[in-house]
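Structure, as structure tokens:
FYI, the numbering just counts along the sequence from 1.
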Amino acid sequence: MTSPAAETGALRDARGADAAVAFCGECLQPCLQVPSPLCPLCRLPFDPKKVDKAAHVEKQLSSYKAPCRGCNKKVTLAKMRVHISSCLKVQEQMANCPKFIPVVPTSQPIPSNIPNRSTFACPYCGTRNLDQQELVKHCVESHRSDPHRVVCPICSAMPWGDPSYKSANFLQHLLHRHKFSYDTFVDYSIDEEAAFQAALALSLSEN
């Protein structure tokens, strides 16, 4: 068992001692970068000053051992990531992995008038040509305390987006709704109902 949470060794308790929940430090970090953080699990507000390291979980990570997937050496979970990064057997396995080749060519047509869904303007100050990650970084660093309701430029650029809808908490929306690029998963040539039916059909065929 070498999940990212186990490998970081930086799990933290949120929501106070009475209702503590352990999260990976890396996963919890985006929630701490907004003025009014919400628990990723139950969406209730919590005080970031009361977030502490989960000592009991760290103790377990330091005592439990698991075999390395390369050399089979048993390593504590807290040190697994460091070990894997230097394990020659794991590096050999990764070097011998076959290159990704799509099973079939993409079915999406390439329209001639593709709208720009790759770069966006900051809804607060108008800074342009920010990709999705740059927009998140810019807003967190430059507009963290801005109370204004603004339109999400990513959502409004989508076929289903409402260019007049203003988000009540834009930073929370950015951090939780835009962790991935829509281009990776969305077929823009079909509507929402058709996309749902296609996803449902694919799910049933895989089972």
Side-chain angles (χ1 to χ4, degrees), residues 3-5 7-8 10 12 14 23-46 48 51 81 94 99-200 202-203:
S3 68
E7 292 175 273
T8 58
R12 295 174 178 273
F23 294 100
C24 163
E26 184 178 342
C27 297
L28 188 61
Q29 194 58 37
C31 301
L32 303 175
Q33 295 178 352
V34 294
S36 303
L38 301 177
C39 172
L41 182 64
C42 68
R43 313 301 297 154
L44 290 175
F46 68 92
V51 175
R81 176 172 289 179
M94 295 179 67
K99 292 184 178 180
F100 172 74
I101 301 175
V103 177
V104 294
T106 177
S107 61
Q108 297 190 44
I110 302 176
S112 57
N113 56 340
I114 303 175
N116 179 14
R117 298 189 180 105
S118 301
T119 59
F120 310 95
C122 171
Y124 292 111
C125 66
T127 300
R128 302 179 66 81
N129 297 323
L130 300 169
D131 64 23
Q132 188 165 302
Q133 290 183 336
E134 290 170 341
L135 178 64
V136 174
K137 185 174 185 292
H138 168 80
C139 289
V140 168
E141 292 179 351
S142 304
H143 305 291
R144 192 171 183 174
S145 302
D146 196 316
H148 292 91
R149 296 166 64 99
V150 294
V151 175
C152 174
I154 302 175
C155 289
S156 63
M158 299 301 140
W160 58 85
D162 180 356
S164 64
Y165 178 78
K166 293 185 177 181
S167 176
N169 192 331
F170 179 61
L171 286 183
Q172 284 279 10
H173 170 83
L174 258 182
L175 291 167
H176 293 288
R177 294 295 299 273
H178 297 300
K179 289 185 177 181
F180 66 90
S181 173
Y182 280 124
D183 288 340
T184 308
F185 300 97
V186 176
D187 184 343
Y188 296 115
S189 66
I190 59 178
D191 60 24
E192 188 173 359
E193 178 61 24
F196 173 76
Q197 293 298 332
L200 184 60
L202 180 60
S203 175

Reported SG-to-OH distance for the pair Cys152 and Tyr165, which is rounded to 0.5 angstrom: 10.5 Å

Heavy-atom pair with the smallest gap, counting every atom of Phe120 and Pro153: CD2-O, 3.7 Å

Pairs meeting criterion side-chain hydrogen bond (donor to acceptor under 3.5 Å, both in side chains) with involvement of residues 119-129, two or more places apart: Asn116-Thr119

Heavy-atom side-chain contact between Leu174 and Ile154 under 4.5 Å: yes

Gln133, CD: over 12 other non-hydrogen atoms inside 6.0 angstrom: no

Those residues that, when tested against His138, pass ring pair (Phe, Tyr, Trp, His ring centres under 6.0 Å) (two or more places apart): His143

Exercise: identify the closest heavy-atom pair between Pro123 and Val151: CB-O, 3.5 Å

Distance in Å, Ser118 OG paired with Asp131 CG, rounded so as to fall on 0.5 Å steps: 9.0 Å

Test salt bridge (charged side-chain N to carboxylate O under 4.0 Å, His left out) applied to Lys137 - qualifying residues, sequence neighbours left out: Glu141

Heavy-atom pair of closest approach, residues Val140 and Leu171: N-CD2, 4.1 Å

Cys155 vs Arg177 side-chain heavy atoms within contact, under 4.5 Å: no

4.5 Å side-chain heavy-atom contact, Lys166 and Val150: no

